[in-house]
Asker: 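One structure, pasted below without further comment.
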Amino acid sequence: TQTILNSMTLQGSSGNLLLLRSTSLGTQWKIDPQGSRNIAYLDVQDSWNINATPIYAAGTGSVDSGNNTNWIFVANQNPYTPSSLTQKRGDNSSVISLGGWINTTSVTFEANVSDPDTSDTVALCVEVKPTSNSFTNTENACGQLGNQGIRSLTMSGLSEGFYHWQARAIDNSGAYSGWQSYPDPTPNPETDGDFGIDTTSPVVTSAVVNDGTGSDIDWQTDMTSLSANWSGFSDNLSGIASYTYKLERKWGSQTDCWDNSSSSWTACPKENPVSLSASCTPSSCQITINNPNLGLVTGATYIFYVSAID
C-alpha cells in the first residue's frame, strides 16, 4: 500500500498520460491518499483506493483502463425525478386515497427512484406541508440510501390537519433530482391537499337521539316497526362519514340486541352500520326497522344508541 499523508500530486499532460500500473497485470495495487489530491491526465489500471474518500478523476483528462476501485472517472449525474408516488398509513396497512383521511399521526411515502449512474445508491426525500403553507423546496426528511427502485420513508408525529407533499431523490454523492408533487404525473392543486389526519372523535355535545320519526316518544302502538332519528353530531376536521346504531331490548331480566345483518336478536353489544344517504346526512339521520323478525313485545323497553364515525 502506498500511503500519502499530505498532498498527492499525479499529473501527466495532454497526449502524454501518466501511466499508473500494477507490477502484476490484474492484481490491484493499493493507494491511500490522506490529504488533498491534485491529479490530471492519468491512465490508471488495477488500482484500489483504500481511503474512504473516492479519488475524483472526472474532468481531469484521465483514462480508466479497468479494474479500479474507489476511483471516479465519470462525473456524477443527478438522479431522475421520482415517479409512482404513493402515500400509505404509517404501518403500511393500506394506501391513503387522494384527499383521504386517517386517524394515525404517521404516514409512509413511497416512490420509484432511479439514477442514470446505475451503480449509485439512492434515497427518497419528501417535503410535507399543511395545505395552508406553500412548498419551500426543502425536504423534511430523507430515507436511507439503498438500491434503485421503490424507496420509502415514514414520518411520524404529524399534527391534525390537511397536508400536501412533494418528493425528490438524492444519490450517494449528494446530488438531487427535481421535485415531483403528489400525485404524479399530474398533481392536484396544492390548496386541495393530498391527505388529512384526524385523531379526534366526533363531537357529541349537541347530539340528540329521538325514538320515533319526530320528537322523542316514550311508547308506541305500532307492533311491526321501530324508528329513530338523530342530529347534532359534528366533526371539525374530516366530517361525519357514517353512523352505527345499537338497538337494545330489555324484557324482564333479559337484555339482547338487534342484529340487522341476520335479522335477529342476539347478545349485546351489537352495532349496525348506517351509511350516509338522502335520509341520513352528516347533520341529521332517520332510520326505520320494519322486519317481521323484530317480534315486538308489549311491555318490553327498546333503546337506540348511536355513534358517529368520522
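Sequence positions, counted from 1, serve as the residue numbers for this chain.
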Asker: Given side chains that start at C-beta, do those of Trp48 and Asn68 come closer than 4.5 Å, heavy atoms only?
Answerer: no
Asker: Under a 4.5 Å cut-off applied to non-hydrogen side-chain atoms, are Thr298 and Met223 in contact?
Answerer: yes
Asker: Does Arg249 make a cation-pi contact with Trp258, if we ask for NZ or CZ under 6.0 Å from the ring centre and within 45° of the axis?
Answerer: no
Asker: I want to know whether His164 and Phe195 have ring centres closer than 6.0 Å.
Answerer: no
Asker: Determine, stepwise, if the pair Gln77 / Asp117 fulfils side chain to side chain donor-acceptor pair (under 3.5 Å).
Answerer: CA-CA 6 Å; Gln77 301 178 81; Asp117 301 318; 2.9 Å; yes
Asker: Return the CG to CD distance between Asn49 and Gln2, rounded to the nearest 0.5 Å.
Answerer: 12.5 Å
Asker: So, Ser177 side chain and Ala169 main chain: donor-acceptor pair closer than 3.5 Å or not?
Answerer: yes
Asker: List the atom of Ile31, the atom of Ser47, and the distance in Å for their closest heavy-atom pair.
Answerer: CG2-OG, 3.9 Å
Asker: Please examine the side chains of Glu127 and Trp179, heavy atoms only from C-beta on, and report whether any two atoms are closer than 4.5 Å.
Answerer: yes
Asker: How long is the span from the OG atom in Ser119 to the CD1 atom in Ile72, to the nearest 0.5 Å?
Answerer: 8.5 Å
Asker: Could you tell me whether Lys88 and Glu110 make a salt bridge, using a distance below 4.0 angstrom between a side-chain N and a carboxylate O?
Answerer: yes
Asker: Decide if the gap between the ring center of Phe162 and the ring center of Trp101 is smaller than 6.0 angstrom.
Answerer: yes
Asker: Any chance you could measure Asn16, atom CG, to Gln11, atom CD, to the nearest 0.5 Å?
Answerer: 12.5 Å
Asker: Take atom CG in Asn147; do more than 12 heavy atoms of anything else shown fall under 6.0 Å from it?
Answerer: no
Asker: Just by distance, no angles: are the side chains of Asn78 and Arg168 close enough, under 3.5 Å, to form a donor-acceptor pair?
Answerer: no
Asker: After noting the C-alpha distance and the side-chain angles of Trp71 and Phe73, does the key distance pass the ring-ring contact (aromatic ring centres under 6.0 Å, His included) rule?
Answerer: CA-CA 6 Å; Trp71 286 73; Phe73 291 89; 5.8 Å; yes
Asker: Indicate whether any N or O donor in one side chain lies under 3.5 Å from an N or O acceptor in the other, for Ser283 and Thr281.
Answerer: yes
Asker: Is the shortest side-chain N to carboxylate O distance from Lys270 to Asp256 below 4.0 Å?
Answerer: no
Asker: Please confirm whether Phe233 and Tyr243 have ring centers closer than 6.0 angstrom.
Answerer: yes
Asker: Could you check whether Ser134 and Glu190, counting side-chain N and O atoms only, form a donor-acceptor pair closer than 3.5 Å?
Answerer: no
Asker: Please find the pair of heavy atoms, one from Leu124 and one from Arg151, that lie closest to each other, and give the distance.
Answerer: CD2-O, 3.6 Å
